[in-house]
There are 2 protein chains.
Amino acid sequence: MYTVYGMSSSGNCHKLRLLLDHLGLPFHWQEVDITTGASRQPDFLALNANGRVPVLQLDNGETLAESNAILCFLAEDTRLWPGPRLARARTLQWLFFEQYSHEPYIAVARYICGFLPPDHERRAELPKLHERGRQALAVMEQYLSGRQFFVEDRFGIADIALYAYTHAAADGGFRLEPYPSIRAWLDRVAGQRGHTPMARPPRLS
Amino acid sequence: MYTVYGMSSSGNCHKLRLLLDHLGLPFHWQEVDITTGASRQPDFLALNANGRVPVLQLDNGETLAESNAILCFLAEDTRLWPGPRLARARTLQWLFFEQYSHEPYIAVARYICGFLPPDHERRAELPKLHERGRQALAVMEQYLSGRQFFVEDRFGIADIALYAYTHAAADGGFRLEPYPSIRAWLDRVAGQRGHTPMARPPRLS
């Protein structure tokens, strides 16, 4: 059985729960509270020297880090991983888009608003994070216009990866009203059988 | 024949040239100068709505974005893409590490030092970029100790992706002296047959 080391209110970690639930794979969830520094302790660094959640541990003790790499590992040869070569590359394109152009703005804004005290100095970063995050949302909105899902027009791990922080963007102060195609896609993802809601950040729950 | 839209002095773009040369695949290189805003023009945004280089165009006109997704697409079923499932996931882990924990610090410091005027206000970002970049280098140094390459101890696309900006880290003000395992690995990568040097940034050439 897989063990997931993760924080339930983290979108990067919730991606794994979503996928494992969709695939009906049993797993043990080991909660790691990164807000208290647990992911910087020696026992955690032995699992992932980069000090980040989530980490997937296999039965043989091997560990794998990076949420989107873990999604690919788990989804391979399932209905949530496309067959054709270009569709697989297109999935990876959106996974890298998520980690480079989306998560560093939309997830970080949520972290500042949902996990730090309301008078924290990092709130000064919010205007820039909102500007960059809206650029990512605009790219998604344009692409989703006339499409049901991100790759091959059927539900897959690109949708799971992008859903994780997009559906919670309001936690970081984003408004989704200007993005009707994104909102319709979020409803389609949340309507998939086996969908699991994500835990709320401590300051917003 | 593939067409690559890229800037020769960009590490993300140079990754593609390295891989295509290693595989002996013919390609047409279309230079895009992002410093003059060429990647934000309508003709380029039609290739990649996210406005970033590189972009790979196939013979049938289809385009693919995100440097590391393109590496995976091109390397599939070649000697530079591992066979076993966990080794493929490990490759992806390092590709996501590169784009999330490495490139945003080491490549951005190089951009500020190598492409912007010496009195540019963004130089104020350098201390933070150096701190975070050194964290990424420390993770690599620890992992490479006793290893020849990143995955299965043989040269592959994880090495190509991480080489691109690591070998040019000095351009952004990083010192590689404290990282002997990284320096030995850089020499091994540069010593591969078919290796192509990267163009220098305009302010450092």
Side-chain angles (χ1 to χ4, degrees), chain A residues 12 40 45-46 48-52 54-56 58 60 62-77 81 84-105 107-108 132 135-136 138-145 151 157-158 161, chain B residues 12 40 45-46 48-52 54-56 58 60 62-77 81 84-105 107-108 132 135-136 138-145 151 157-158 161:
Chain A
N12 283 326
R40 297 284 166 183
L45 292 172
N48 179 13
N50 200 30
R52 296 183 188 279
V55 170
L56 183 77
L58 315 187
N60 65 4
E62 288 256 26
T63 56
L64 191 62
E66 299 291 335
S67 59
N68 289 356
I70 299 169
L71 290 184
C72 294
F73 175 78
L74 293 171
E76 199 174 286
D77 297 328
W81 181 237
R85 181 183 178 200
L86 186 59
R88 278 180 277 125
R90 186 78 65 213
T91 296
L92 289 173
Q93 173 187 309
W94 285 110
L95 296 182
F96 282 107
F97 167 86
E98 193 266 341
Q99 284 288 284
Y100 195 88
S101 299
H102 181 288
E103 200 266 14
Y105 309 113
V108 173
R132 297 289 184 86
Q135 290 171 7
V139 170
M140 293 170 64
E141 176 69 19
Q142 179 189 333
Y143 184 80
L144 284 170
S145 169
V151 180
I157 59 171
Chain B
N12 283 326
R40 297 285 167 182
L45 292 172
N48 178 12
N50 199 29
R52 295 185 190 278
V55 169
L56 183 77
L58 314 186
N60 66 5
E62 288 256 24
T63 57
L64 191 60
E66 298 293 334
S67 58
N68 289 357
I70 299 169
L71 291 184
C72 294
F73 175 78
L74 292 172
E76 200 175 286
D77 297 329
W81 180 237
R85 182 183 177 201
L86 187 59
R88 278 180 275 124
R90 186 77 65 214
T91 297
L92 288 172
Q93 173 186 309
W94 285 111
L95 296 182
F96 282 107
F97 167 85
E98 193 266 340
Q99 284 288 284
Y100 194 87
S101 298
H102 182 287
E103 200 268 13
Y105 309 112
V108 172
R132 298 290 185 86
Q135 291 171 6
V139 170
M140 292 170 64
E141 176 69 19
Q142 179 189 336
Y143 184 81
L144 284 171
S145 170
V151 181
I157 59 171

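Here is the naming used below: chain letters follow the sequence lines, and residue numbers restart at 1 for every chain. Values below: every heavy atom of this structure, side chains too, minus hydrogens, waters and symmetry copies.
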Check your understanding: Is the number of heavy atoms from other residues, nucleotides or ligands under 6.0 Å of A:Q135 CD greater than 12?
Key ->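 Enclosed.
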Exercise for review: Decide if atom CD of A:E76 counts as having more than 12 heavy atoms of other residues, nucleotides or ligands within a radius under 6.0 Å.
Suggested key: yes
Nearest-0.5 Å distance, [atom1] of residue [X] to [atom2] of residue [Y]:
X: A:L95; Y: B:Q99; atom1: CG; atom2: CD; value: 12.0 Å
X: B:N50; Y: A:M140; atom1: CG; atom2: CE; value: 11.5 Å
X: A:F97; Y: B:N48; atom1: CZ; atom2: CG; value: 9.5 Å

Check your understanding: Under a 4.5 Å heavy-atom cut-off, does chain A meet the side chain of B:E103, its backbone, both or neither?
Key -> side chain
Review point. Which region of A:E62, side chain (C-beta onward) or backbone (N, CA, C, O), has a non-hydrogen atom less than 4.5 Å from a non-hydrogen atom of chain B, or is it both or neither?
Key: side chain
Check your understanding: Where does A:I70 contact chain B at under 4.5 Å (heavy atoms): side chain, backbone, both or neither?
Key ->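 A:I70 has no heavy atom closer than 4.5 Å to chain B.
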Point to revise | Minimal non-hydrogen separation, B:A69 against A:A89, with atom names | key: CB-O, 3.9 Å
Exercise for review: Quick one: closest heavy-atom pair of A:F96 and B:E66, and the distance?
Suggested key: CB-OE1, 3.5 Å
Review point. Would you find a donor on one side and an acceptor on the other, under 3.5 Å apart, between the side chain of A:Q93 and the backbone of B:A65?
Key: yes
Check your understanding: When heavy-atom pairs shorter than 4.5 Å are enumerated against chain A, which of B:L86, B:D77, B:L58, B:V139 gives the highest number?
Key ->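 Of the candidates given, the most pairs with chain A belong to B:L86.
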Study note, to complete from the structure: Ranked by heavy-atom pairs below 4.5 Å to chain B, first place among A:G51, A:A136, A:S67, A:S101 goes to A:S101
Review point. How about B:L64 and A:L92: do any of their side-chain heavy atoms sit closer than 4.5 Å?
Key: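 They are not in contact (no side-chain heavy atoms under 4.5 Å apart), so the answer is no.
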